[in-house]
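Order of the sequence lines sets the chain letters (A, B, ...), proteins ahead of strands, with each chain counted from 1. Computed from a predicted structure; not experimentally measured.
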Number of protein chains: 2
Amino acid sequence: MLSPTEENYLKSIFKIAEKENKAVSTNSIANLMSTTPASVTDMIQKLSQKKYLQYTKYKGVTLTQSGNKVAIKIIRKARLWEVFLVNKLRFAWHQIHNIADELEHVSSDELISRLDAFLDYPKFDPHGNPVPNADGKFTIRNQMALADIPLNQKVTVLGVKENLPDFLRYLTDINIRIGVEIMVLQQVPYDKSMRILIDNKTEQVISRSTSQLLSVKLT
Amino acid sequence: MLSPTEENYLKSIFKIAEKENKAVSTNSIANLMSTTPASVTDMIQKLSQKKYLQYTKYKGVTLTQSGNKVAIKIIRKARLWEVFLVNKLRFAWHQIHNIADELEHVSSDELISRLDAFLDYPKFDPHGNPVPNADGKFTIRNQMALADIPLNQKVTVLGVKENLPDFLRYLTDINIRIGVEIMVLQQVPYDKSMRILIDNKTEQVISRSTSQLLSVKLT
DNA sequence: AATAAAATTTAGATTATATTAAATATATAT
DNA sequence: ATATATATTTAATATAATCTAAATTTTATT
């Protein structure tokens, strides 16, 4: 059995490895987890010993198959709980992160498979991220960043690439949520901010960083 | 913030204090929690320092108001989650104990109040134990042990006083669950076992210890 | 009331996680 | 290629929770 701490390390390493395509560095883990590099070194040595990851001193780590499996299961649990919190308990999407971070470590497999059924086998969580199925497979779909969409193209919001509460609250404030239709009206070359039309109703200027964090599909 | 371990100590002390009417001894805590008296001493000294309980060396502990509040909140959380597991996820009553023991330590107050509403403010858990409300009040009702019911009196099962999986599975096997009607047909003076009629259908002999653990009300 | 038995506490270790500071290895820039 | 900056590891500590064994206190028994 793994401790919640060990599970969190594996989850974080998985998430970093997802983006970068190389061994995961001690520092990147320490940054993501808000801890010190020394603590990370201790823990990755332990997890390496237990065969959850492949570690070469000074060269970072990669997950083994067994480490990958654990990480994906934690992500599955977290995302299913997020669906529960939003769809059943009516939480807003910016309220659920910390709660799901605790719930994801509850250990019963039976619980997760029943929860999955209760929620009707959701394919995506409330932020638009895929829920891995019981075999660890993620649903893939075509999606682009709003930042890369040309003028006058209508798109539908699929999700967000970051789930910090402040960011999510901001999106809610300007009426952006999953499923909303957006059209890019103007691109400002200077800072790459955009003026967009939301739901055929409201015009809004959003920053480059916001448009990069919004996943959309062509309508 | 209290650790899950500290919360478990307070919960266990509360449960012992509920039955006995005196200071709770080190040994009784160690027994209930399957740990050593030495560990208990360490922990109660710590919890006493933090003012969750009143401790006199060699004389046992009693919960302070603040300790009581924590304990009741944990019990509230555990029992609400048990209702969720049975009513929503369709677990059997013997499967839920360990899962609820983990879920009860998830810390969000908002989560509990929303879960309570989602479940329609249940007054009792799947074992017939009262769910304390948000103010910490338990619903009281008249109930007796089946052991004390006279011959030929019809009663309805309200709950069980112990929730060990084997006991609960046994009850399920002989068709005893909350709400069923029971009538005592015979009392065996020798060992105080009883022959009972379950649901006007099945006759069954049950031991003294079983009849003492079944809570019923007159029909 | 003295003694034996039982309960409780203390002392000394252990394991898990984390920290800071120092030492060492790697990467970068001239 | 060397110096400097950055990243990483190691060493030395700290805290939380636990344990066993020894010491002490309380309770029960005669």
Side-chain angles (χ1 to χ4, degrees), chain A residues 1-13 16-17 19-63 67 70-71 74 101-102 104-107, chain B residues 1-13 16-17 19-63 67 70-71 74 101-102 104-107:
Chain A
M1 269 301 333
L2 289 166
S3 70
T5 309
E6 291 171 315
E7 290 183 342
N8 280 333
Y9 270 92
L10 294 174
K11 177 183 69 167
S12 296
I13 292 164
I16 297 167
K19 300 196 177 170
E20 314 177 11
N21 224 31
K22 54 184 180 206
V24 174
S25 73
T26 302
N27 256 8
S28 64
I29 300 169
N31 278 331
L32 181 59
M33 301 187 70
S34 304
T35 182
T36 60
S39 303
V40 173
T41 299
D42 271 3
M43 182 56 95
I44 63 186
Q45 283 173 347
K46 183 166 116 187
L47 290 171
S48 160
Q49 183 116 77
K50 294 190 184 180
K51 308 282 188 210
Y52 291 107
L53 36 85
Q54 217 269 285
Y55 167 55
T56 318
K57 257 194 201 178
Y58 296 103
K59 299 295 180 186
V61 296
T62 50
L63 292 175
V70 172
I74 298 296
D101 263 4
E102 292 187 55
E104 74 191 9
H105 301 293
V106 174
S107 62
Chain B
M1 268 303 333
L2 288 167
S3 70
T5 309
E6 292 170 315
E7 290 182 341
N8 280 335
Y9 270 92
L10 294 174
K11 177 183 69 166
S12 296
I13 292 165
I16 297 166
K19 300 195 179 169
E20 314 177 13
N21 225 29
K22 54 185 179 202
V24 174
S25 74
T26 303
N27 256 8
S28 63
I29 300 168
N31 278 332
L32 181 59
M33 300 187 71
S34 303
T35 184
T36 61
S39 303
V40 173
T41 300
D42 272 2
M43 182 56 94
I44 63 185
Q45 284 172 347
K46 184 167 116 188
L47 290 171
S48 160
Q49 183 115 77
K50 293 190 186 181
K51 310 280 188 210
Y52 291 107
L53 35 86
Q54 218 269 285
Y55 167 55
T56 318
K57 257 195 201 177
Y58 296 103
K59 299 294 180 188
V61 297
T62 50
L63 292 174
V70 172
I74 297 297
D101 263 4
E102 292 187 55
E104 74 191 8
H105 301 293
V106 174
S107 63

Return the residues of residues 32-39 of chain B meeting this criterion: a heavy atom under 4.0 Å from some atom of DNA chain D. Order them by number, or give none. T35(B), T36(B), A38(B), S39(B)
Heavy-atom pair of closest approach, residues [X] and [Y]:
X: Y52(A); Y: L10(A); answer: CB-CD2, 3.9 Å
X: V106(A); Y: E102(B); answer: CA-OE1, 3.3 Å
X: I13(A); Y: V24(A); answer: O-CG2, 3.9 Å
X: A71(A); Y: L63(A); answer: CB-CD1, 4.3 Å

Write down the protein N/O and nucleotide N/O pairs, taken from nucleotides 24-29 of chain D, whose separation is under 3.5 Å; answer none if there are no such pairs.
from, atom 1, to, atom 2, distance (Å)
dT25(D), O4', Y58(B), OH, 3.4

Using atom [atom1] of [X] as one end and atom [atom2] of [N] as the other, report the distance to the nearest whole Å.
X: I29(A); N: dT9(D); atom1: CD1; atom2: P; value: 9 Å
X: K22(A); N: dA27(C); atom1: NZ; atom2: P; value: 11 Å
X: D42(A); N: dT20(C); atom1: CG; atom2: C1'; value: 13 Å
X: I44(B); N: dA7(C); atom1: CD1; atom2: P; value: 15 Å
X: M43(A); N: dA16(C); atom1: CE; atom2: P; value: 10 Å
X: Y55(B); N: dT8(C); atom1: OH; atom2: P; value: 9 Å
X: E7(B); N: dA16(D); atom1: CD; atom2: P; value: 16 Å

Between T35(A) and I29(A), does a side chain to side chain contact (heavy atoms under 4.5 Å, CB included) hold up when you go through it step by step? CA-CA 8 Å; T35(A) 182; I29(A) 300 169; 5.9 Å; no
Touch check for T26(B), heavy atoms < 4.0 angstrom, all strands: base, sugar-phosphate only, or nothing? sugar-phosphate
In Å, rounded to the nearest 0.5 Å, how long is the span from [atom1] of [X] to [atom2] of [Y]?
X: S107(A); Y: D101(B); atom1: OG; atom2: CG; answer: 10.5 Å
X: K11(A); Y: L32(A); atom1: NZ; atom2: CG; answer: 8.5 Å
X: D42(A); Y: L47(A); atom1: CG; atom2: CG; answer: 11.0 Å

Just to confirm, is there a sub-4.0 Å distance from OP1 or OP2 of dA6(C) to any side-chain nitrogen or oxygen of N27(B)? no
Within the supplied structure, the quantity of interest is the number of heavy atoms (other residues, nucleotides, ligands) at a distance under 6.0 Å from K50(B) NZ; does it exceed 12? yes
